[in-house]
Amino acid sequence: MIKITFPDGSVREYDSGVTGLQIAESISSRLAQDVLACSINGKTIELNRPITEDAEFTLYKWDDAEGKHAFWHTSAHLMAEAIQELWPGTQFGIGPAIENGFYYDVMPPAGVTIREEDFVKIEKKMAELAQRKESLVRKPITKAEALNFFGNLGQTYKNELIEDLEDGSITTYTQGNFTDLCRGPHLQNTAPIKAVKVTAVSSAYWRGDEKRPMLTRVYGITFPKKKLLDEYLAMIEEAKRRDHRKIGKEMELFMFSEMVGKGLPMWLPKGTMLRLKLEEFLKEIQKRFGYQQVITPHIGSKNLYITSGHYAKYGKDSFQPIHTPEEGEEYFLKPMNCPHHCAIYGWKPRSYKDLPLRIAEFGTVYRYEQSGELHGLTRVRGFTQDDAHIFCRPEQVKDEFLRVMDIILIIFRALNFENFEAQISLRDKVNREKYIGSEDNWEKAEQAIIEACEEKGLPARIEYGEAAFYGPKLDFMVKDALGRRWQLGTIQVDYNLPERFQLEYTGTDNQKHRPVMIHRAPFGSMERFVAVLIEHTAGKFPLWLTPDQAVILPISDKYNDYAKDVCARLEMAGVRASVDDRSEKIGRKIRDNELKHIPYLLIVGEKEAETGTVAVRKQGEGDEGVMAIEDFAKKVGDIVADMTKNF
RNA sequence: GCCGAAAUAGCUCAGUUGGUAGAGCGACUCAUUCGUAAUGAGUAGGUCUGGGGUUCGAGUCCCCAUCUCGGCUCCA
C-alpha cells in the first residue's frame, strides 16, 4: 500500500501501482471523466502511469494550467502525426504547448510549403486521428537506441536534440504511427481532443539561431469541447475589434506616413487632445508629489553617451550620429532622458537637504527598433516617456518607492485598470559579480521594494535574476478585458549613472556621498499607454478623457444654427462637443456606428430649438430624455468631477 | 534584421487561365425638411504603392525598392 496525499491535506491509501485515473475514479466518476493529467510530488505525469510510492498528489482538469498544457502538448503530437501523414518525409523540430495552444516546428519535404490553404486539411486529419482514440505510449529508451531510431527515420533535428540529452533520461511517446522524442506529460490518449483549429503558419529558425535552417512553425489550438473553441474564436474577433490601430484610425487619433518614415507616429488633433489630457493629469499629480518639470534637448553630444555608457553598449545598433560642419563633432538623438537629467543634477553642488530631488519631463526619445518589431503605437522608433528621475539618499529609497506607487495606483484607479499585478526584479541569487553598486545598497533597495509592495497590499511576484545590472526594479502589468497582459509603469533603482556622472551630495557629516537614482514612468510611454488604453476600453474612454464628449446632431439643416449655438454654449460650460451637420441621416449614422466612440449624442430639432434644450442619448444605454443645455453641461460636469475627485 | 503574406477610390474590399478598373460606405450636387438601424436621383474620386522587365497587350507574370501584416530574433 502507498499513501496518497491530496492538495487539501487528506490522505488515502492505494495499492502500489495505482494510476492517477484510478484514483480519480475512486473519488467520483465525473472527476474521472474530466481529469486530463495529474502530478506526483509536483511533477506532472500521465493518468495511466503507475504510482509506486507515497506521494503528494494533484489532479488536473481543463481549468488548470497543467491540464491545458498536457492537452495542448498532446495536440502538438497529434498535429505532427497529421502532418506526417499528409506530407511523409517531414522532419520535425520541437512542438511545445504555449500560452494559447501549441506549435510544431517542421521541415516539410523538398518542394512542399505549408500554407493557409492547408489548414483545413490538417484540421480534418487531426480530427480524424483524434477520433481513433489512440493511446500515447511512453517508452524509456537509451541514447543509442534513440539516435538509431530517429536516425533511421532521417529525423536529423531530433537527433541533434538527443545528443544534448543525458542517457537514461530519454523517453519517447507513440500514438498510432507517430513516435516522438518527448519527456511528456501527455493525455493518456487523444480522445478528449474534440475541437481543432490550426491558427497560423510562420517560420522560425532552428533553435532560434538565425544562422541555422529556417523551419516552418505551424500554430494550432485545441479544446475538449466545440463550444470552447467558438468562445476562443469569438475572443480573437473581439481582440481584432479592439485593436488600437483600427480604433485609432476610426477615431482619427494618430497616423503613420510612409514618407515620414516607419515607426514614427503622428498624433492627429483628437489623439493629441487625449494625450494632452493624460499629460495634464499626470503633471497635476506630480506637482502634488513634489516633482519639478524640466525640458531638455532632443539631442546630446557623443561625450554625454560615452559618459553614460550607452555609446559603448548601443552605438552601432542605434540611429547613427548627427554630424556637424565641425570635424569630428557628433551628436545623437536621445534614446533616453536620464543622461540629460544627470547633467541637471550635476549642474550645482547638492546638499542632503535638496534630496530627494525629483525632476520630470515628458521626454521624446528615439530608438532604432528592428523593423520587424514595429507595431502600431506599442512599438515605435520615436516616442515620449512620462519620465522622471528621483535623486535621493539610499535610506530614502523606500519612501520614494511608496510615493511613486501612490502615483501609479492613482492612475490605475482613474482609468479603471482593476486587474493589475506587480513584478519585482531582483539580483540573481548566486551570480552577483555582474551587478554594480554596493552589496549594502542593493540589499537595502531590494528590501525597500519588497516592503513597499507589502505596505501597499500589492500582490507582487518576485523574479530573481531579472534585475538590470544597475539596479532592481518594479514593473506594473495590467490585464485587459481579454486577459492579455501589458507592461505599463516601471520603477527602477540605478546605482550606475550616479557613479558614471560622479554625482554627489554633501551629507550631514559634511562629506561627499553618492545619491541613488530612481527612474520611473507610470505610463511607460505615451504611445504605448494610449494603445493599451484604447484596447482596454475598446475606444470608450472615461468621460473626462475622451476627445469628444458629445456630438450634436441637427435633424435637418434648418437647425444647424441652433446646433452650433448649443455647441458654443456647451464649450463655454466646459463640455467638449462638436456638431455633425453633414447630413440629416441621423438614424443611419447611429446604426452604422459612425458615431460609436462618442459617449453622448445630442439630437436637436424644432422642439429643442424653441425650448433651448437637447434630446440626450447615451451610447449603449439609450435615451435620457430632453434637457436644458446647461443642465446637460452640468450633468457632464458632475460626472467628470465625480470621476476626477480622487485624482 | 530574417522568413512568409499582403498593398486596387477617403474607408472596407471584389477583380475569374494576361484583353477597356468595379461595389458598398463616405464626399460633393440637386430634390426631400424628415425624430433615433437605410429618403431619392445624380456627380466627382484610382499612373491599381514606386521603379524596372517579359508580352501585341500587365492590376494580373518576373525582378528590385517602400510600407503594412503574421511570426522569429531583439527591446536602454
Side-chain angles (χ1 to χ4, degrees), chain A residues 98 103 105 113-117 199-219 240 243 245-246 249-250 252 255-264 305 308-315 317-318 332 334-339 365-376 378-381 383 385 387 468-471 473 487 490 492 494 496-497 519 521 524-525 528 553-560 582-596 601-609 614-619 622-623 626:
Chain A
I98 53 177
Y103 67 80
D105 283 346
T113 314
I114 299 176
R115 297 168 179 283
E116 263 186 56
E117 299 93 86
T199 50
V201 63
S202 173
S203 49
Y205 298 108
W206 171 236
R207 307 196 124 181
D209 182 346
E210 60 182 275
K211 291 179 193 69
R212 313 290 300 268
M214 181 79 68
L215 304 185
T216 304
R217 179 166 295 182
V218 186
Y219 289 85
K240 276 191 203 153
D243 191 315
R245 293 166 300 186
K246 178 174 144 70
K249 195 185 260 180
E250 283 169 3
E252 302 188 353
M255 60 164 285
F256 290 89
S257 151
E258 194 173 318
M259 204 189 282
V260 171
K262 60 172 129 182
L264 299 171
Y305 297 106
S308 71
H310 294 113
Y311 181 79
K313 213 170 169 195
Y314 299 103
D317 306 321
S318 190
F332 285 83
K334 70 176 175 191
M336 71 277 298
N337 305 299
C338 337
V365 298
Y366 300 89
R367 299 179 184 180
Y368 189 77
E369 303 292 354
Q370 289 196 21
S371 63
E373 211 23 71
L374 301 173
H375 179 93
T378 58
R379 208 59 196 283
V380 288
R381 285 181 170 172
F383 58 95
Q385 296 178 308
D387 215 353
F469 75 94
Y470 52 77
K473 62 177 181 172
Q487 192 203 310
T490 175
Q492 303 186 12
D494 187 345
N496 180 44
L497 285 181
H519 311 253
S525 82
R528 184 176 289 183
L553 299 164
I555 61 167
S556 83
D557 293 350
K558 256 198 284 190
Y559 309 106
N560 284 355
R582 289 171 301 165
S583 81
E584 59 279 18
K585 298 173 216 166
I586 299 171
R588 206 189 58 226
K589 277 187 187 173
I590 296 170
R591 188 222 40 224
D592 283 349
N593 280 330
E594 193 182 329
L595 302 165
K596 67 183 162 188
L601 304 182
L602 307 178
I603 293 141
V604 296
E606 187 180 359
K607 195 170 76 187
E608 289 78 14
V614 289
V616 179
R617 162 175 280 205
K618 176 106 187 274
Q619 293 272 39
D623 294 331
V626 173

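Every heavy atom of this structure was used, including side-chain atoms; hydrogens, water molecules and symmetry mates were not. Numbered from 1 within each chain, the chains take letters A, B, ... in sequence-line order.
Summarising the geometry, the separation between CD on A/Glu258 and C1' on B/C69 is reported as 14 Å, rounded to the nearest angstrom. Residue A/Asp623 contributes atom CG, which lies 10 Å from atom C1' of B/G35 at whole-angstrom precision. Going from atom CG of A/Leu374 over to atom P of B/G70 covers 12 Å, rounded to whole Å. If you take CD1 of A/Ile555 and C1' of B/G35, they are 5 Å apart, rounded to a whole angstrom. Across the protein-nucleic acid pair, A/Tyr219 atom OH and B/G70 atom C1' stand 9 Å apart, rounded to whole Å. Rounded to an integer number of Å, the gap from A/Tyr103 OH to B/G70 P is 18 Å. Here B/A37 presents its C1' atom at 13 Å from CD of A/Gln619, a figure rounded to the nearest Å. Here B/G4 presents its C1' atom at 14 Å from CZ of A/Arg217, a figure rounded to the nearest Å.
Between A/Val604 and A/Tyr559, the shortest heavy-atom contact is O-CB, 4.2 Å. Smallest separation of non-hydrogen atoms from A/Leu497 and A/Cys338: CD1-CB, 3.5 Å. Scanning both residues, A/Glu369 and A/Val380, for their nearest heavy atoms gives CG-O, 3.5 Å.
Within the 4.5 Å cutoff, no side-chain heavy atoms of A/Val260 are placed close to those of A/Phe256. Taking 4.5 Å as the limit, every side-chain heavy atom of A/Met336 sits out of range of all side-chain heavy atoms of A/His519. Using a 4.5 Å cut-off on side-chain heavy atoms (C-beta onward), A/Val365 and A/Phe383 make contact. With a 4.5 Å cut-off on side-chain heavy atoms, A/Val616 and A/Leu602 count as touching.
Comparing B/C75 with B/G15, their P atoms sit 42 Å apart, to the nearest whole Å. Comparing B/G10 with B/C48, their P atoms are spaced 13 Å from each other, to the whole Å. Using C1' as the reference atom, B/A38 and B/C25 are 12 Å apart when rounded to the nearest Å. When the P atom is compared between B/C13 and B/A6, the two are found 14 Å apart, to the nearest whole Å. Here the separation of B/G46 from B/A21, taken at their C1' atoms, is 8 Å to the nearest Å. Comparing the C1' positions of B/A14 and B/G35 gives an interatomic distance of 37 Å, to the nearest angstrom. B/G59 and B/U16 have their C1' atoms separated by 14 Å, given to the nearest Å. Taking atom P on both B/U36 and B/U29, the two are 26 Å apart, rounded to the nearest angstrom.
Base pairing of B/G4 is made with B/C69, judged by Watson-Crick or G-U wobble geometry with both donor-acceptor distances under 3.5 Å. Pairing for B/G35 is absent, judged as Watson-Crick or G-U wobble with the two contacts each under 3.5 Å. As the counterpart of B/G42, B/C28 is assigned, both hydrogen-bonding distances of the Watson-Crick or G-U wobble pattern falling under 3.5 Å. With a cut-off of 3.5 Å on both pairing distances, B/G18 has no Watson-Crick or G-U wobble partner at all.
For A/Lys262 and A/Ala200, each mapped to the nucleotide of RNA chain B holding its nearest heavy atom, the one lying further toward the 5' end belongs to A/Lys262. Taking for each of A/Arg381 and A/Phe256 the nucleotide of RNA chain B with the nearest heavy atom, the 5'-most of the two is the partner of A/Arg381.
Nucleic acid contact for A/Glu606: base, since at least one base atom lies under 4.0 Å from a heavy atom of the residue. At the heavy-atom level, A/Glu608 lies under 4.0 Å from base atoms of the strands shown.
Rounding to the nearest 0.5 Å places NE2 of A/His310 at 13.0 Å from NZ of A/Lys334.
Side chain of A/Arg379 to main chain of A/Leu374: no donor-acceptor pair is present (N/O by atom type, distance under 3.5 Å, no hydrogens or angles).
Judged as a ring-ring contact (aromatic ring centres under 6.0 Å, His included), and not counting sequence neighbours, A/Phe469 has no contacts.
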Between the protein and nucleotides 7-12 of chain B, list the N/O to N/O atom pairs that are separated by less than 3.5 angstrom.
from: B/U12; atom 1: OP1; to: A/Lys249; atom 2: NZ; distance (Å): 3.4

Using atom names, set out every protein N or O paired with an N or O of nucleotides 74-76 of chain B below 3.5 Å, distance rounded to 0.1 Å.
from: B/C74; atom 1: N3; to: A/Glu373; atom 2: OE1; distance (Å): 3.3
from: B/C75; atom 1: N1; to: A/Arg379; atom 2: NH2; distance (Å): 3.4
from: B/C75; atom 1: O2; to: A/Arg379; atom 2: NE; distance (Å): 3.3
from: B/C75; atom 1: O2; to: A/Arg379; atom 2: NH1; distance (Å): 2.8
from: B/C75; atom 1: O2; to: A/Arg379; atom 2: NH2; distance (Å): 2.7

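Under the 90° criterion around 0 for the glycosidic angle, B/G45 counts as syn.
Both the sub-6.0 Å distance and the 45° axial angle are satisfied by A/Arg381 relative to the ring of A/Tyr368.
Counting only heavy atoms from C-beta on, A/Ala615 has its side chain closest to B/U36 among B/U66, B/U36, B/G70.
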